[in-house]
Amino acid sequence: MRRMTVMSRRRFLETVTVAAAIPAIGRQNAPASEWGSPVFDLHHHMRQQPAANLAHVDGAGITKANLLTRGAVEERVKEVGALAPGRFTWFSTFDITRPDAEAQLTQAVKDGAQGFGELKFHVAADGPELRRMCALAAELHVPLLIHFQEVDHFEGEGTWSTGYAKAFEGLLKAFPKTTLIGHADAFWANVSADYHNEVAYPSGPIARGGITDRLLSDYANLYGDCSANSGNNALSRDPSFTPDFLKRHQDKLLFGSDCSCSDGRGGGVSQTGNPAAARLAGKCVARETLTVLRKSAPPAIVRKIVWENAHKLLRIPA
Ligand SMILES: [Zn+2]
Ligand SMILES: [Zn+2]
């Protein structure tokens, strides 16, 4: 056997030490990555070119990602999966305002979809469309990811899952067997008790006792997706709030990127059509949010949020 140099021997010993410290779960196929933990991105919108998906995931140091898709795209999902077996899961959506949505989504789950999402439609937060989807998700045992937004990003955009602050609790109550994952502007702005739909991304200190904070505590069937500028903003705006919030909801929060950069390093066009999110222009949202999480929580909590919780939720081995 070739003699080890001092350097390679040191690396070897470090590797052995790290491997011994990682619990058996996921030791084989889940390297720690540059983030100190393997990372699962719950919110990766499937890109047109199969290889572009892997470029973002690899570039940002992400281990696995959940493809969010709309329409009949099963073949493309398979192509992406074939590029990196075991690294992609899949959520599907169809237009939930159409009468055939239930049949289409049921078929998608038969074809391998593990959830519904992202549900981003101009409907009411507790309206008949989302109620139908909640009932179906419970029946099929899959979670459902919803985009809540009350303030336009550009003129005439309109609102999405409207009435979050007043109406969403009704949905949580009516469908205790449905696992709901909240996401986007209104979900995250409402971590602060003083929010009244003034702006998409409020800044400054968070008034304790916001609706989202309370719902996460009160409803076992609600989870929070930390993706996008909205999630990043909520976790960044008040450093005196974030550590306790992450601790409180360490079993309910899920890392996601919702990033549109090309290379996992902020390249290409990001935050397009959303001037209010300019603070993240030219940056990779995944990297920014992983950095905030690591700054704000101890490694064991970070690992839950960026890796373990998603596996438990999707009932897949970590
Ligand atoms: Zn969204
Ligand atoms: Zn990115």
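For this chain, numbers begin at 1 and follow the sequence in order. Just follow the structure's listing: the first ligand is 1, and inside any ligand the first atom is 1. FYI, side chains are in, hydrogens and waters are out, and symmetry mates aren't considered; it's all heavy atoms of this structure.
When ring centroids are compared, His183 and Phe148 stay outside the 6.0 Å threshold.
The SG atom of Cys259 and the SG atom of Cys284 meet at the Zn ion (ligand 2) at an angle of about 120°, given to 10°. With the Zn ion (ligand 2) as the vertex, atom NE2 of His56 and atom SG of Cys261 span an angle of 110° (nearest 10 degrees).
No other N/O/S atom of Glu118 lies as close to the Zn ion (ligand 1) as OE2 does. Within His147, ND1 is the N, O or S atom that lies nearest to the Zn ion (ligand 1).
Distance check, rounded to the nearest 0.5 Å: OG1 of Thr89 to NE2 of His311 gives 8.0 Å.
Ring orientation note: the planes of His45 and His43 are nearly perpendicular, at an angle over 60° on the 30°/60° scale.
No salt bridge links Asp95 with Arg70; every basic N to acidic carboxylate O contact stays at or beyond 4.0 Å.
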